[in-house]
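Side chains included, hydrogens not; waters and symmetry mates left out as well; all remaining heavy atoms used.
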Amino acid sequence: MGDSSDLAALDATGQAELVRSGDATPSELVDAAITRIEKLQPELNALTTERFERARDEASSTALPDGPLRGVPFLLKDLACSVEGEPAYEGMEALRLADWRATTTTHLARRFRDAGLVILGRTNTPELGIMPTTEPASFGPTRNPWNTDHTPGGSSGGSAAAVASGMVPAAHASDGGGSIRIPAACCGLVGLKPSRGRVSVGPSGSELMRPLSVQLAVTRTVRDTALLLDVAAGPEIGDAITPPPPGAPYRELVRTAPDALRVGLMTTFPARDEAVYADGVAAVELAGRLLESAGHRVELAHPPALDSPVGLSAFMPIWSAMAASNLATWSDRLGRELGSNDVEPLTWELAEWGRNVDAVAFQDAIATMHAYARSTMSWWADGWDILVTSTLGEPPAELGVLSTPDDPMNGFARGATFTPYTPVANQTGQPAISLPLALGSDGLPVGVHLVADYGREDLLLQLAAQLEGAAPWSERRPALFA
């Protein structure tokens, strides 16, 4: 086995192969990852809590599950994916001060552990995952390893910074409006948002009550994303929504090229006759050329519904009601009413907005969202297979641009230009993936965003593997790399 920096260059699949072949032990992988984290954490601030000694005990135990990722070091985002008895702060100062401990282990956390992954800690997130940047007052900003003056994105920014810098080969992430794909684009990673219901949010979550949010991971390679989806996907008891299963494991499907597909390219902002930033346009055009050379039919086209303001009108009542619900839930758990001094100004303003969304307005918003989804998805029903856009509308922002505590709604509103495409797939429930296809003129990664029909993660991953083969990215390294 090489040193820690040699291991940092390997993806999760490669590290698991070392363990299976006997060329490394789980303990060696875990110790090397801890060394890398301790080296980079002071500069990047990617983690909120660590569990190094417990991880070492688990890695050396004969009870470590013999799954497909046995011994591979991994991190959990400090939001949604809880482990009973362990810290769960969700970016909130009130929970950090209370040293809140989770009361349940989620199905996804159990599946990750059953696959043999060894959890080293939890990663930084904006308060309650609200923002597309990771700058919580409770733990301070996470920095982008490509340029530490810039955001790693959000809300899975801590996970993205950790993977991009080589701390770990992959990390858990969640996505309610782009929070897997945005950090993947900012940090040069692969980020797949699965179809609604593909990955269980149980036992405490609900796809019906909170239909926008899904979970999976950020990785450096398509094969890692496929393997982690195999690990994570599948219904659990009581799941209300379950998309059809794939015809074969995703890790096998990515080895086969898809049939010729009909692909639409979009380079303008939704509902605006204005192109996104130049590097984003260039990356979409590059993707189009690569796909065309692979035999796909590529045209400038997109769902007409994307140019309607209806999507945003449905998203905001649901998003703000979720903020209000979160504060009510945590007030109940903590046994005291959380007030404006307990949370960040943006969280409080959104929650106040959400408290004015009564039951009728919320149901109306859900109905509007589903009507918008049907209108949007009719484009796929009309014969299109894939929509390609840039992931972001502009380059990764500098820290402090999107997080504006003195004028909280200003930074929040800026998110509409920063992330013009990603929330749509959360409303429709479709799978979408961000791929690090290019580097911009500023040296920062540029993400290309692919969206498929509901339940067609297989197509996304096959197409992603084609693009990865045509324009490999896994050898690119940020300025801060282990």
Looking only at side-chain N and O atoms, does [Y] offer a donor or acceptor that is under 3.5 Å from a partner on [X]?
X: S156; Y: K77; value: yes
X: D224; Y: T13; value: yes
X: R355; Y: S320; value: no
X: H302; Y: D307; value: yes
X: T134; Y: T142; value: no

Does some side-chain heavy atom of [Y] sit less than 4.5 Å from a side-chain heavy atom of [X]?
X: W473; Y: T221; answer: no
X: N124; Y: L47; answer: no
X: P126; Y: E135; answer: no
X: V30; Y: V72; answer: no
X: P73; Y: Q15; answer: yes
X: V168; Y: V163; answer: yes
X: P203; Y: H107; answer: yes
X: V199; Y: L229; answer: yes

Just by modelled atom types, is the [Y] backbone N or O under 3.5 Å from a matching donor or acceptor in the [X] side chain?
X: D358; Y: A361; answer: yes
X: T104; Y: T106; answer: no
X: S179; Y: S155; answer: yes
X: T422; Y: G177; answer: yes
X: T347; Y: V343; answer: no
X: N326; Y: M322; answer: yes
X: S195; Y: G455; answer: yes
X: S325; Y: A321; answer: no
X: R113; Y: I119; answer: no

Point to revise | L461 and I433: CA distance, side-chain angles, deciding distance, side-chain contact (heavy atoms from CB on, under 4.5 Å) verdict | key: CA-CA 8 Å; L461 289 167; I433 193 169; 4.2 Å; yes
Review point. Is the CD1 atom of I237 crowded by more than 12 outside heavy atoms at less than 6.0 Å?
Key: no
Review point. Parallel, tilted or perpendicular for F112 and H172, by the 30°/60° rule?
Key: perpendicular
Contacts table for residues 240-267: side-chain donor-acceptor under 3.5 angstrom, sequence neighbours left out:
| from | atom 1 | to | atom 2 | distance (Å) |
| --- | --- | --- | --- | --- |
| Y250 | OH | R198 | NE | 3.4 |
| R251 | NH1 | D230 | OD2 | 3.0 |
| R255 | NE | R251 | O | 3.4 |

Check your understanding: Should T391 and T419 be marked as a side-chain contact (heavy atoms from CB on, under 4.5 Å) after you check the CA-CA gap, both sets of side-chain angles, and the distance that decides it?
Key -> CA-CA 7 Å; T391 308; T419 63; over 6 Å; no
**Study point:** S174 and V214: CA distance, side-chain angles, deciding distance, side-chain contact (heavy atoms from CB on, under 4.5 Å) verdict
**Key:** CA-CA 6 Å; S174 60; V214 296; over 6 Å; no
Ignoring hydrogens, what is the shortest heavy-atom contact between [X] and [Y]? Give both atom names and the distance.
X: L228; Y: A217; result: CD1-CB, 3.8 Å
X: W330; Y: L338; result: CB-CD1, 3.8 Å
X: I386; Y: A452; result: CD1-CB, 3.8 Å
X: Y89; Y: T49; result: CE1-CG2, 3.6 Å
X: P136; Y: E127; result: CB-N, 4.2 Å
X: W319; Y: G129; result: CZ2-O, 4.0 Å

Could [X] and [Y] be called an ion pair, given the rule that one side-chain N must be under 4.0 Å from one carboxylate O?
X: E207; Y: R196; result: no
X: D114; Y: R110; result: yes
X: E84; Y: R101; result: no
X: E457; Y: K193; result: no
X: E468; Y: R223; result: no

Point-to-point distance, once rounded to the nearest 0.5 Å, from [atom1] of [X] to [atom2] of [Y]:
X: H449; Y: L387; atom1: NE2; atom2: CG; result: 8.5 Å
X: L334; Y: L95; atom1: CG; atom2: CG; result: 5.5 Å
X: T48; Y: L76; atom1: OG1; atom2: CG; result: 10.0 Å
X: L189; Y: S474; atom1: CG; atom2: OG; result: 11.5 Å
X: R181; Y: S434; atom1: CZ; atom2: OG; result: 8.5 Å
X: R414; Y: M409; atom1: CZ; atom2: CE; result: 14.0 Å

Exercise for review: Would you sort out whether R54 and E86 count as a salt bridge (Lys or Arg N to Asp or Glu O under 4.0 Å), showing the intermediate values?
Suggested key: CA-CA 11 Å; R54 293 187 70 173; E86 298 197 2; 3.2 Å; yes
Practice item. Please report the C-alpha distance between Y421 and V451 in whole Å, then the side-chain angles of each, then the deciding distance to 0.1 Å, and finally whether the side-chain contact (heavy atoms from CB on, under 4.5 Å) criterion is met. Key: CA-CA 10 Å; Y421 304 111; V451 186; over 6 Å; no
Point to revise | Derivation and outcome, salt bridge (Lys or Arg N to Asp or Glu O under 4.0 Å), residues R122 and E50 | key: CA-CA 6 Å; R122 303 190 76 89; E50 52 87 357; over 6 Å; no
Check your understanding: Which side chain to side chain donor-acceptor pair (under 3.5 Å) pairs, counting each pair once, include a residue from residues 370-380, with sequence neighbours left out?
Key -> none
Practice item. For T219 and T225, run side-chain hydrogen bond (donor to acceptor under 3.5 Å, both in side chains): C-alpha distance rounded to whole Å, both residues' side-chain angles, the deciding distance at 0.1 Å, then the answer. Key: CA-CA 6 Å; T219 73; T225 296; 2.7 Å; yes
